[in-house]
2 protein chains.
Amino acid sequence: MAGARRPGAEISDLTAKRLSVYLRSLEDLQAAGVTTVSSQAMAEKFGLNSAQIRKDLACFGEFGVRGVGYVVADLKDQITRILGLTRDRKVIIVGAGNLGMALADYAGFNAGGFRIVALFDNDRGKVGGRSRGGVPVLDMEALPQIARREKAGIAVLAVPAAAAQKVLDLVSRAGIKAILNFAPAQLKARPGVTLKAVDLKIQLENLVFHLARAEEVHR
Amino acid sequence: MAGARRPGAEISDLTAKRLSVYLRSLEDLQAAGVTTVSSQAMAEKFGLNSAQIRKDLACFGEFGVRGVGYVVADLKDQITRILGLTRDRKVIIVGAGNLGMALADYAGFNAGGFRIVALFDNDRGKVGGRSRGGVPVLDMEALPQIARREKAGIAVLAVPAAAAQKVLDLVSRAGIKAILNFAPAQLKARPGVTLKAVDLKIQLENLVFHLARAEEVHR
DNA sequence: GCCACTTTGTGAATCGAGGCACAAGGTGGC
DNA sequence: GCCACCTTGTGCCTCGATTCACAAAGTGGC
């Protein structure tokens with residue numbers, strides 16, 4: 001049975017994130033020549049509950065074979081399809097500072113269906129240059145036009161916090177519907193736009209919080 | 001009633017993350033000259049429920065004044081103390097590739113009580129150099145010694161996925177108890193070590209998932 | 001000093017995610 | 001073809017997080 005989707009079922013974001021994890025694991029398994037895998041085996045591999053894995057997968061159809069498990073190659077294809085990774089996606093990065101430049105060249109970003117087409121900055125000194133990996137730095141004013149022409153679906157914000165909301169509005173108006181924000185600021189996206197934040201400072205502070213608690217108990 | 005902590009109460013990680021968000025907001029308010037703020041006002045500021053904010057704060061004592069709200073300066077100090085941000089923390093970064101180098105110079109990482117003392121890499125070609133911002137790149141073999149001498153509390157992993165688990169074990173053995181992992185891999189930390197993952201690929205894939213769903217509905 | 005008003009702190013209700021346990025369904029041996 | 005065995009898919013339960021709603025407590029005006 002092919003791809004019997006259930007359009008009504010609302011998928012939790014947590015489930016979607018786990019699907020990415022499963023996919024990565026399946027790629028490893030496939031590379032290792034494994035052809036089938038049970039939910040139990042996958043669960044042990046990364047400290048999850050096997051029922052959870054089965055439930056996550058069951059959201060989208062019945063991919064498993066009872067008594068056997070899941071066929072690695074099939075499941076990989078299914079998840080790839082579910083996640084929408086069947087076609088390439090173009091990404092633009094706004095902010096050509098340290099972080100923006102590094103992200104532009106970061107291998108993890110330019111693989112697996114993602115391609116970074118341009119960096120944007122409003123600093124005339126940076127415009128016209130390229131990242132070490134060759135991604136061009138363009139003027140912010142060209143963003144709407146380029147974004148539409150290239151059909152960029154995703155924007156990464158690597159700008160200072162103070163500018164972030166303004167830039168978010170700009171890229172939203174340019175028709176981009178998915179945004180990854182690295183700026184340390186709580187932004188508001190208009191409906192229909194998906195906004196994810198990667199807040200490094202909060203992550204660090206959270207680590208310190210755990211450290212401080214551990215020290216306290218120790219005392 | 002100064003800092004009436006409740007040692008028994010277990011604090012959720014979600015609460016701790018929100019405290020960081022509150023702290024940032026309080027800094028803004030203080031800079032803007034605001035002296036008191038109500039939970040209601042903060043809630044509106046970033047789309048949260050006011051009861052949640054009050055409950056988060058109530059975990060650690062009674063900081064508010066009924067009928068008035070919270071005194072911005074006091075609350076800021078309290079949260080700073082709760083999060084353990086009263087003293088500086090030294091951070092090491094493992095992996096001097098694009099990402100590691102960028103993180104070393106990233107302003108958000110070298111502020112607010114964090115200081116990056118060194119990068120480590122096992123590539124002899126990189127060892128001996130410095131990041132643009134001046135952070136030295138040292139040999140991986142020196143890591144345990146340097147980490148202990150500098151009393152580094154936090155390690156950031158910016159190494160390839162294949163090496164990540166090994167590096168995690170190494171820094172754990174060096175006495176580091178808090179680790180931020182950027183490698184796209186599911187790692188296992190020993191008990192007593194806090195491990196947080198920032199998985200950029202999963203974030204991107206998650207965005208694509210939302211895009212794909214939106215496109216589907218559109219059709 | 002008293003009262004109307006505001007906002008906190010918190011018990012109770014609600015909601016959602018994760019885990020358990022088992023019936024349903026498929027496989028391979030004979 | 002039948003049977004013992006294995007693993008999926010799923011109803012039910014548990015637990016924690018969020019939200020609601022209200023009594024308690026402080027403020028400012030008069």
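Below, read A as the first sequence line, B as the second, and so on, with proteins coming before strands; counting in each chain starts at 1.
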Show which side-chain atoms of residues 89-96 of chain B pair as donor or acceptor with protein atoms under 3.5 Å away, not counting sequence neighbours.
residue: B/Arg89; atom: NH1; partner: A/Glu215; partner atom: OE2; Å: 3.2
residue: B/Arg89; atom: NH2; partner: B/Gly84; partner atom: O; Å: 3.3
residue: B/Lys90; atom: NZ; partner: B/Glu150; partner atom: OE1; Å: 3.2

With a cut-off of 3.5 Å and sequence neighbours excluded, list every side-chain donor-acceptor pair involving residues 186-195 of chain B.
residue: B/Lys188; atom: NZ; partner: A/Lys45; partner atom: O; Å: 3.3

Could you pull out every donor-acceptor pair under 3.5 Å between side chains of residues 172-182 of chain A and any protein atom, sequence neighbours left out?
residue: A/Ser172; atom: OG; partner: A/Leu168; partner atom: O; Å: 2.8
residue: A/Asn181; atom: OD1; partner: A/Ala183; partner atom: N; Å: 2.9
residue: A/Asn181; atom: ND2; partner: A/Ala183; partner atom: O; Å: 3.1

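Atom CD of B/Gln52 is separated from atom C1' of D/dC20 by 13 Å (rounded to the nearest Å). Atom CG in A/Leu75 sits roughly 16 Å away from atom P in D/dT7 (whole-Å rounding). One can place CG of A/Asp56 at 10 Å from C1' of C/dA17, the figure rounded to the nearest angstrom. Going from atom CZ of B/Phe63 over to atom C1' of C/dT7 covers 17 Å, rounded to whole Å. Between the CD atom of A/Gln78 and the P atom of D/dG9 there is a distance of 12 Å, given to the nearest Å. Going from atom CG of A/Asp74 over to atom P of D/dT8 covers 14 Å, rounded to whole Å. Here the C1' atom of nucleotide C/dG19 and the CD1 atom of A/Ile53 are 13 Å apart, to the nearest Å. Between B/Glu62 atom CD and C/dT7 atom C1' the separation is 13 Å, expressed in whole Å.
A donor-acceptor pair shorter than 3.5 Å can be found between the side chains of A/Gln165 and A/Asp169. Of the N and O atoms on the side chains of A/Arg54 and A/Ser39, at least one donor lies less than 3.5 Å from an acceptor on the other residue.
Proximity of A/Tyr70 to the phosphate of D/dG9: a side-chain N or O atom is located under 4.0 Å from OP1 or OP2. B/Arg54 has no side-chain polar atom (N or O) that falls below the 4.0 Å cut-off from OP1 or OP2 of D/dT19.
With hydrogens and angles ignored, a donor-acceptor pair under 3.5 angstrom links the side chain of B/Lys55 to the base of D/dT19.
Residue A/Leu14 is in sugar-phosphate contact alone, with no base atom involved, counting any heavy-atom pair closer than 4.0 Å across all strands shown.
Remark: B/Thr35 pairs with no residue by the side chain to side chain contact (heavy atoms under 4.5 Å, CB included) rule, at least two apart or across chains. For B/Glu44, the side chain to side chain contact (heavy atoms under 4.5 Å, CB included) test picks out B/Gln40, with sequence neighbours left out. Remark: B/Ser20 pairs with A/Glu205 by the side chain to side chain donor-acceptor pair (under 3.5 Å) rule, at least two apart or across chains.
Listed by residue number, B/Asn49, B/Ala51 are the residues of residues 30-51 of chain B with a heavy-atom contact under 4.0 Å to DNA chain D.
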Which pairs, protein N/O on one side and nucleotides 25-28 of chain C N/O on the other, fall under 3.5 Å?
residue: C/dG25; atom: O4'; partner: A/Arg66; partner atom: NH1; Å: 3.4
residue: C/dG25; atom: N2; partner: A/Gly67; partner atom: N; Å: 3.4

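Among residue pairs with one or both ends in residues 14-32 of chain A, those qualifying as salt bridge (charged side-chain N to carboxylate O under 4.0 Å, His left out) are A/Asp13-A/Lys17, A/Arg18-A/Asp56, A/Arg24-B/Asp199; sequence neighbours excluded.
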